[in-house]
Protein chains: 2
Amino acid sequence: MKTDTVFKRAFNDALDLIAEWPVGETLPSENALATQLRVSRTTVRKVMAELSARSVIGGGGRQRIVSPAYTKTDRFPEVETVAMSDQVEKRFMEWMLRDNARPGTAINELELARRFGVATTSIREFLNRFQRFGLIERRPAGGWVLAGFTTGFALELFEIREMFELRSARDFVALPAHSLLWRKLEALREDHITLLREIDSRFHDFSDLDSRFHRLVNSASPNRFIDSFYDVITMIFHYHYQWNKHDERQRNEVAIREHLTFIDALISRDMEAVEAACWGHLASAKETLLRATSEQGMFAEAK
Amino acid sequence: MKTDTVFKRAFNDALDLIAEWPVGETLPSENALATQLRVSRTTVRKVMAELSARSVIGGGGRQRIVSPAYTKTDRFPEVETVAMSDQVEKRFMEWMLRDNARPGTAINELELARRFGVATTSIREFLNRFQRFGLIERRPAGGWVLAGFTTGFALELFEIREMFELRSARDFVALPAHSLLWRKLEALREDHITLLREIDSRFHDFSDLDSRFHRLVNSASPNRFIDSFYDVITMIFHYHYQWNKHDERQRNEVAIREHLTFIDALISRDMEAVEAACWGHLASAKETLLRATSEQGMFAEAK
DNA sequence: AAATTGTATCTTATAGAAAAAAGACAAGCT
DNA sequence: AGCTTGTCTTTTTTCTATAAGATACAATTT
C-alpha cells in the first residue's frame, strides 16, 4: 500500500497557509491550492476534508473559510512527510557510513528490509536506482556488494570531476556577452558575497550554493551525462556536509572565497586564471573529502 | 513467481555436454557440473532429475550414466532461456526504436506491462536500472518520460567518449614496458588481424571485439565512472549493430582497420599518432551513429 | 461561458506471497 | 580425510492485490 506522505506534507503546508489567512475570508479554489501545495486536486480535497474534520476550516462547497473557532491543531511529524524511497536512501547511507558496513560486504535485501522495516520491494527499487552512484555493484550471480565510500572512490570521482569542470569552464568563457548565464553568474556572485557576510550564522546554506554554482557552470553547454554525474557529486556532498561537522564553518568560508575567485576569473574571460581557480578549488574540495575518508574508521580501503 | 530460465538454459547446456559423453561412462559429480554449467547444485539436481525423467540418463546416486537407450530429446526453446529482465530490456528497445515512441512520450508502466505481458514490477525494475543510460528521465511528479535516442543524445555521448578515450589512451602509453596490458594489446591486435582475414563470414563478431578493445584501453587506469559510461556505449552499440544492417560488413572492416592504426600508434608510444588515430576512429564511429539516427524516421529530434 | 466542485477512472507505490535458485549443513561413500 | 549426495534454509525474482494520488470528465454554480 502506498504511504500517504504526500497528503501529510500537503496538510502541514496547508496549516502554514491558513495561519496567514484572514478568518472569515473564503479560501482559494481547489485548483489554486493544488498548484500552491504542489499536489493534485485529489490530495487538496483530502486535506480540506481533514481540516474540516478537525474544525480548522468551516463551511463547505465553495464557501470554505478559516473557522472563527480555529485552534492550533497538531501537524504531522516530519518523518511521516518524507517519501518512503527517500527514507530508505537516508537509512542506507547511515548504515553504510555509520555502521559496520565495510567495502566488499554482501548486501542482503531481506536483511535490509527487516532492518529498515520496509518491504523488500522498496529495497530493490532503491538498490536499482542507487547503483548508478557507483557505491554498490551488482554481482553476476545476483545480489549486490558494497563498493563503499572509499578513498579510491573519492579519487576516481575527482578525476572525472576535474575533466568535466574544466571543460565546462572553457565553454562558459566562450559564451557570448549577451548570454543570460552571465547575469545569472552575476546574481550568484552576489549570493556568495551575502553568504560570506553572514557566514557565522548561515554556513549551513553553503551546500546548496555550491551545487547551484557548479550546475550553473555546467549549464553553459548542457550534457546529460555530465548532469547525471553531478547528481553523484550532489549526493555525496549532501551526506558529507551532513555528517562531517568538523571545521564546517571554516571549510565553507574557504570554499566561498574560492568560488568567488573562480567567478571573477570567469567574468574576466581570462582562461588561464579560470584554469588556475578551477584547479585550486577542486584541489581543496578533494582534500577535504579525502581527509574525511581517512578520519573516520569506516572509510578505510578494503582489499 | 520466479521464472525458470536458469534451469532451462542449464538443461540445454547439459544436453550439449551429454551429446559428447561416452555412453555407459559415469557423469561428473554434481559440483563439477554446477561449475561447468555456471549454476548452483540445486539447479544441477533439477536438471538431472529432468534428464532422468526423460530417460536421457540412467542410474541414480553416484552412478549416473548416459542411457544406452538415449534418444534425442527436445531442447527448451531459446526464448525461454533468457531472463525476464533481459527480455524486458530487448522489448523496450524495440518499442522505443521500432515503434512509434517519440522523445517526450510519457511512459506508462501499466501499458508497457500489458504490452510486454509481464507484471508492472518487472517494468519498474527495468526503468530504474535503465535510467542511468540517459534514454529515459524521471518526472518530478512520478512517472517517466522518454528522452529517446536522438541526435542530441548521440552528440552528448560522443563528447564524453572523446574525453574519456583520449585520457585513457594517454595513460595507456605511459604504462611501463613490462605491463601485462601490452601483451593483452598484442593479443587483441592478432584477433583484429584474424577477423579482418575472415571478415566476409564473421563480420558480426566485430561488435564484441570493439567492446573488448575499448575496455582494454580503459583498463590502463581504471575508473568506475568511466567503466560505467562504457556500459552505455556497449548497450547503444549492441542495439545499433543489431538493427542497422546497412553496409554492415563494410563499416566493420573500416572500423577494424582504424583499431589497428590505433593499436599500432599505442605500441609505438607516439602520443601524437595516438591522438590522431583516436580522433579519427571516434569521428568515424560518431558519423556512423549519427547517420543511423537520421536515416530512420523515429530518431528525429523532438522539440 | 468560465470557473469550480463532484465523481469516476487510471496510474503508481508499496505490501505480501510463492516459486526458483543459491547456499549451508549433515550424512554417506570410497 | 576428502568428495559426493541428500536435505533444509535463505535469498532473489516475480506475481497479484490494494490504497494513495493523479487525471479526466460530468455536473453545478456564479
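Here the structure is a predicted model, which is why all the values come from computation and not from measurement. Lettering of chains follows the sequences in order, A, B, ..., and the numbering in each one begins at 1. What's counted below: heavy atoms across the whole structure, side chains too, no hydrogens, waters or symmetry copies.
- Under the 30°/60° scheme for interplanar angles, the aromatic rings of B:W95 and B:F92 are found to be tilted.
- Separating the CD1 atom of B:I107 from the P atom of C:dC10 is a distance of 21 Å, rounded to the nearest angstrom.
- Electrostatic pairing of A:K90 and A:D86 does not count as a salt bridge here, judged by no charged N lying under 4.0 Å from a carboxylate O.
- With B:T35 contributing its side chain and B:N31 its backbone, the two residues share a donor-acceptor pair below 3.5 Å.
- Within the 4.0 angstrom heavy-atom criterion, only backbone atoms of the sugar-phosphate kind lie near A:S29; the bases stay farther away.
- When the nucleotides D:dA19, C:dA21, C:dA15 are ranked by their closest atom to the side chain of A:M1, D:dA19 comes out on top.
- The listed nucleotides are D:dG21, C:dT5, C:dT14; the one nearest the side chain of A:R45 is C:dT5.
- Residue B:T43 places no side-chain atom within donor-acceptor reach of the base of C:dA21, judged by atom type and a 3.5 Å distance cut-off alone.
- Between A:T42 and D:dG21, a side-chain N or O to OP1/OP2 separation shorter than 4.0 Å is absent.
- Of the candidates C:dT14, C:dA21, D:dA20, D:dA20 carries the atom nearest the A:K46 side chain, counting heavy atoms from C-beta on.
- Distance, B:K2 NZ to C:dA19 C1': 9 Å, rounded to whole Å.
- The side chain of B:T3 contributes an N or O atom lying less than 4.0 Å from OP1 or OP2 of D:dT14.
- Between A:L37 atom CG and D:dA22 atom P there is a gap of 11 Å when expressed in whole angstrom units.
- In this entry the distance linking CZ of B:F126 with C1' of D:dC15 reads 19 Å, nearest Å.
- Scanning both residues, B:L17 and B:Q36, for their nearest heavy atoms gives CD1-OE1, 3.2 Å.
- Residues B:E50 and B:K46 are not paired through a salt bridge, judged by the lack of any N-O separation under 4.0 Å between the basic side chain and the carboxylate.
- Note: CD (B:E109) to C1' (C:dT14) measures 12 Å, nearest angstrom.
- Straight-line distance from the CZ atom of B:R114 to the P atom of D:dT16: 13 Å, rounded to whole Å.
- One can place CD of A:E30 at 14 Å from P of D:dA22, the figure rounded to the nearest angstrom.
- No side-chain heavy atom of B:D16 sits under 4.5 Å from any side-chain heavy atom of B:N12.
- Between C:dT5 and A:R64, a contact under 4.0 Å exists linking OP1 or OP2 to a side-chain N or O.
- Between B:R41 and C:dA21, a side-chain N or O to OP1/OP2 separation shorter than 4.0 Å is absent.
- In this entry the distance linking CG of B:L112 with P of C:dT11 reads 11 Å, nearest Å.
- Residue order along DNA chain C, read from the 5' end via each residue's closest nucleotide, puts A:E125 first among B:R38 and A:E125.
- Residue-to-nucleotide proximity on DNA chain D shows that, of A:T121 and B:L27, the 5′-proximal contact is made by B:L27.
- Comparing B:K8 and B:R139 by the nucleotide of DNA chain C whose heavy atom lies nearest to each, the residue mapping closer to the 5' end is B:R139.
- In terms of phosphate contacts, B:N108 brings a side-chain nitrogen or oxygen within less than 4.0 Å of OP1 or OP2 of C:dT11.
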